[in-house]
Each structure stands twice: as C-alpha cells, then as structure tokens.
Amino acid sequence: LLLGTPNGTAADSDKNAKLNHYQEHGLRFDYDRKLTVEAELSEKVLTLNLKGRRELAFTIQVADLPLAGQAYAESVLTGMRDGMSQGGAKVQAIKSVKKSIGGVERMGKAFEYKLIGSEFYYQALGWDVENAPGQKRVFFLSIQYPPNKEASLKSLIDPILSSLRWVPKE
C-alpha cells in the first residue's frame with residue numbers, strides 16, 4: 001500500500017508557515033513544505049520517504065522485527081557500505097554519530113563514500129520504541145546527502161529531527 005502527501009498536504013502546522021505537520025501511523029513530525037512524504041505500509045514495516053530535493057534521501061521506518069533498533073541500523077548501514085564498495089565506490093571507515101531526535105540523544109553509525117566523482121554522507125540510527133506494554137518496535141532513520149550540501153539542507157533536516165516522535169496507538 002503506497003500513501004502520499006503530494007505537495008505537502010498533511011495538516012498544516014500552526015507553529016511556522018513554512019512547515020507541514022505529519023501525524024499518521026504512530027509518527028508525528030514537522031517538515032518543510034518543499035518536501036513531500038511518501039508512505040509505504042506493509043504488514044510489518046512502515047516506510048516514510050521524504051522527497052523534494054534530489055540531493056537528500058531521508059527515510060524513516062517503524063517495523064516489527066526480532067532484533068534491536070541499533071542492531072538493525074548497523075546492519076542496514078553495513079549492507080549499504082559493502083554494496084557501495086562492491087559497486088566501485090571508494091568508502092571510508094564507519095564512525096559513530098550522535099543526533100538529537102525529538103529531544104532525545106540517539107546513537108548511530110555513518111560513513112562517507114565517493115562514487116563517479118560525487119561524494120555522499122550516509123548515516124543510520126535505530127532504537128526501540130514501545131507500541132504497547134511489552135510490545136516493542138524498531139525505529140530506524142537514514143539520511144544521505146553530499147557533504148558539501150549539508151549547510152543548505154540543514155533547514156530541511158533539522159525540523160524533522162527536532163520534532164520526530166513515536167506516538168503509539170492507545
């Protein structure tokens with residue numbers, strides 16, 4: 001099932017006229033009107049892709065998986081790094097990163113790579129959230145962009161990171 005919010009048609013945020021507000025499927029966050037949210041919902045995984053800038057790949061996943069969120073994020077990142085390396089990219093070592101997401105410090109991993117003359121920065125963070133008492137879900141976030149575009153993409157990335165929350169169904 002593919003769902004979308006074309007041209008940022010989610011309910012408007014009254015905090016800032018430049019932001020839209022997403023609140024569906026247990027997720028809540030603000031995002032710049034220049035972006036759209038495309039949601040893909042399967043039986044066990046919800047995937048949100050924020051689109052609108054060619055140089056930014058921003059994905060949020062919430063999944064029912066039998067492993068911890070950090071382990072899932074490291075697995076995805078390692079697979080991405082190995083795949084890029086096998087595809088001819090020059091990859092750097094994986095390093096630890098820390099991001100404030102929804103006011104909570106989260107740990108993750110990142111690496112940079114160069115492919116066909118273009119450089120990219122890829123980071124993945126994962127943690128567990130409680131859906132209901134005793135029911136955990138994996139929360140995963142990946143962000144990819146060219147390092148030289150980081151300053152210009154900050155205004156798109158920061159509102160999402162600062163407002164991103166898991167709001168389980170009651």
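When reading the values below, keep in mind they use all heavy atoms of this one structure, side chains included, and skip hydrogens, waters and symmetry mates.
Counting only heavy atoms from C-beta outward, the side chains of Pro146 and Glu119 never approach each other to under 4.5 Å. Looking at Thr59 and Thr47, their side chains come closer than 4.5 Å, going by heavy atoms from C-beta outward. You'll find the side chain of Leu56 stays beyond 4.5 Å of the side chain of Gln144, heavy atoms only. Contact annotation: the side chain of Lys136 never approaches that of Glu130 to less than 4.5 Å [non-hydrogen atoms, C-beta and beyond]. Residues Leu19 and Tyr31 are not in side-chain contact: their nearest non-hydrogen atoms beyond the backbone lie 4.5 Å or more apart.
Under a hydrophobic-cluster definition in which Ile, Leu, Val, Met, Phe, Trp and Tyr are linked whenever side-chain heavy atoms come within less than 4.5 Å, directly or via other members, Phe58 and Leu35 are assigned to the same cluster. Hydrophobic clustering places Ile60 together with Val129 (ILVMFWY residues linked when any side-chain heavy atoms are closer than 4.5 Å, directly or through intermediates). Under a hydrophobic clustering in which Ile, Leu, Val, Met, Phe, Trp and Tyr are joined whenever their side-chain heavy atoms come within less than 4.5 Å, directly or via other members, Phe29 and Trp166 fall into the same cluster. Linking Ile, Leu, Val, Met, Phe, Trp and Tyr residues whenever their side-chain heavy atoms come within less than 4.5 Å leaves Leu125 and Tyr113 in two separate clusters. Taken together through direct or relayed side-chain contacts under 4.5 Å among Ile, Leu, Val, Met, Phe, Trp and Tyr, Leu46 and Leu164 form part of one hydrophobic cluster.
Annotation for Gln123 and Tyr145: closest pair NE2-OH, 3.8 Å, computed over non-hydrogen atoms. Minimum heavy-atom separation, Ala73 to Gly126: CB-N, 3.4 Å. Summarising the geometry of Leu156 relative to Ile160, their closest heavy-atom pair is O-CD1, 3.4 Å, with the distance given to 0.1 Å. In plain terms, the two heavy atoms of Ser162 and Pro159 that are nearest each other are OG-O, 3.3 Å.
Formation of a donor-acceptor pair under 3.5 Å by the Trp127 side chain with backbone atoms of Gln70 is not found in this model. Under a 3.5 Å cut-off, the side chain of Asp128 and the backbone N or O of Gly69 do form a donor-acceptor pair.
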Test log, rule side-chain contact (heavy atoms from CB on, under 4.5 Å), inputs Glu38 and Glu40 = CA-CA 7 Å; Glu38 291 184 6; Glu40 188 173 336; over 6 Å; no
request  = Would you check, one step at a time, whether the test side-chain hydrogen bond (donor to acceptor under 3.5 Å, both in side chains) holds for Gln61 with Tyr72?
outcome  = CA-CA 11 Å; Gln61 284 187 326; Tyr72 178 68; 2.9 Å; yes
request  = Applying side-chain contact (heavy atoms from CB on, under 4.5 Å), run through Asn20 and Asp30 and close with a yes or a no.
outcome  = CA-CA 6 Å; Asn20 282 333; Asp30 296 324; over 6 Å; no
Anything under 3.5 Å between a donor and an acceptor, one on a side chain of residues 96-107, the other on a protein residue two or more places apart or in another chain? List them.
unit_1	atom_1	unit_2	atom_2	d
Ser96	OG	Lys109	NZ	3.2

Enumerate donor-acceptor pairs with a distance under 3.5 Å from any side-chain N or O in residues 77-90 to protein atoms, sequence neighbours excluded.
unit_1	atom_1	unit_2	atom_2	d
Thr78	OG1	Glu74	O	2.8
Arg81	NE	Gln92	O	2.9
Arg81	NH2	Gln92	O	3.3

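From Leu50, atom CG reaches atom NZ of Lys34 across 14.0 Å, with rounding to the nearest 0.5 Å. The distance from the CG atom of Leu161 to the CG atom of Leu141 is 6.0 Å, given to the nearest 0.5 Å.
Residue pairs meeting the salt bridge (charged side-chain N to carboxylate O under 4.0 Å, His left out) criterion with at least one partner in residues 148-166, sequence neighbours excluded, are Lys154-Asp158.
Proximity of the aromatic rings of Phe120 and Tyr122 is defined here by a centroid distance below 6.0 angstrom, and this criterion is not met.
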